[in-house]
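Shown next, in structure tokens, is the structure this report addresses.
Values reported hereafter were calculated over all heavy atoms of this structure, with side chains retained and with hydrogens, waters and symmetry mates removed. This chain uses plain numbering: 1 for the first residue, then up along the sequence.
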Amino acid sequence: MTVFYTNEKVNIFLNHLTQKQADLAVLVLASQGIKAEAEENNGFFDLHMDEEKTADACTILETYYDENTKQGSDIGQTPLPRLKKITPLLMAAVISIIHIGCVYTGFHSRAVIMFGSSGLYILQGEYYRIFTALLLHADMEHLAGNIAGILIFGSPVCTLTGNLKGLLLLAGAGSAGNLINALMYRTARLSIGASTAVMGGAGILTVLQIKRKASLKGLKPAVFLPLAAGAALVGMLSGGENTDVSAHIFGFISGIGIGFFCDPTT
């Protein structure tokens, strides 16, 4: 990385970058509120930014490259990680097979009663329900929505933490959310669906983002903006008839709690 200082305020730049490298640097800086522009120069690109932002920009890029490659700050060696979708796809396949199998065999209603999350039965010792409830869905629309949620939130969780660890984190957050929900509502009402785990994934991603921002900027109020964004997202996804809003909220909270004890592996 070469940084040039001149007397002109905006002519401080990284030079001799490919378009892909320049686009990545602009994207990383923009995510931290620093505006930079890439200008073509003889087939390569120069990165221009405000002189007052240069020191912060260098720190952000150095930290980003070190965190993502573990190989230092060479901008030419920084690939964007590919989303790991194997585990989320397997999760989607499993819940699809279970739902279709239950409906096809006529076992669906009985399965909901026997394995759905219910505070009354869970607190009588049937703790397996906090997990098995995640595997059951009311209908195809319910199933499709949760498959989308698993792919959207589960993929980045598995990308950042690893496939097996990501699976355990999502299942753990969903199960913990169901357990807290049972403790709060000690009734016979039944709750099913993987959405509690999906909300847990949102909570995990929220905390990982907060931790990343805190490592770059320190504990400033702006660092906690992802928490507000995550809470707003939970609210947006918790509408609809027969939705167990409290399970969503407790899943999100569980994900936040679990997220504080895990670190990205990439």
Handout entry: Other residues, nucleotides, ligands: >12 heavy atoms within 6.0 Å of E141 CD
Key = no
Problem - Side chain proximity check, L164 to T87, heavy atoms < 4.5 angstrom - result: no
Handout entry: From CD1 (I249) to OG1 (T196), nearest 0.5 Å
Key = 11.0 Å
Problem - Whether H99 side chain and A138 backbone form a donor-acceptor pair below 3.5 Å - result: no
Handout entry: Flag side-chain contact, heavy atom, 4.5 Å: I95 against M91
Key = no
Exercise for the section: Could you walk me through whether T206 and F252 pass the side chain to side chain contact (heavy atoms under 4.5 Å, CB included) test, one step at a time? Expected result: CA-CA 9 Å; T206 295; F252 180 69; 3.8 Å; yes
Exercise for the section: Answer yes or no: are there more than 12 heavy-atom neighbours, outside R189 itself, under 6.0 Å from its atom CZ? Expected result: yes
Practice task
Go through R110 and T105 one step at a time and tell me if the side chain to side chain contact (heavy atoms under 4.5 Å, CB included) criterion holds.
Solution key: CA-CA 11 Å; R110 188 177 176 187; T105 59; over 6 Å; no
Practice task
With the side chain counted from C-beta on, respond yes when L151 and L89 share a heavy-atom pair under 4.5 Å apart, and no when they do not.
Solution key: yes
Problem - Spacing of I210 atom CD1 and F260 atom CZ [to the nearest 0.5 Å] - result: 6.0 Å
Practice task
Supply the atom-to-atom distance L169 CG to L205 CG, rounded to the nearest 0.5 angstrom.
Solution key: 10.0 Å
Handout entry: pair I122-S117: side-chain heavy atoms closer than 4.5 Å
Key = yes
Fill in the blank from the handout: Residue set satisfying salt bridge (charged side-chain N to carboxylate O under 4.0 Å, His left out) with R186, at least two apart, ordered chain then number -> none
Handout entry: Donor-acceptor under 3.5 Å (H137 side chain, A194 main chain)
Key = yes
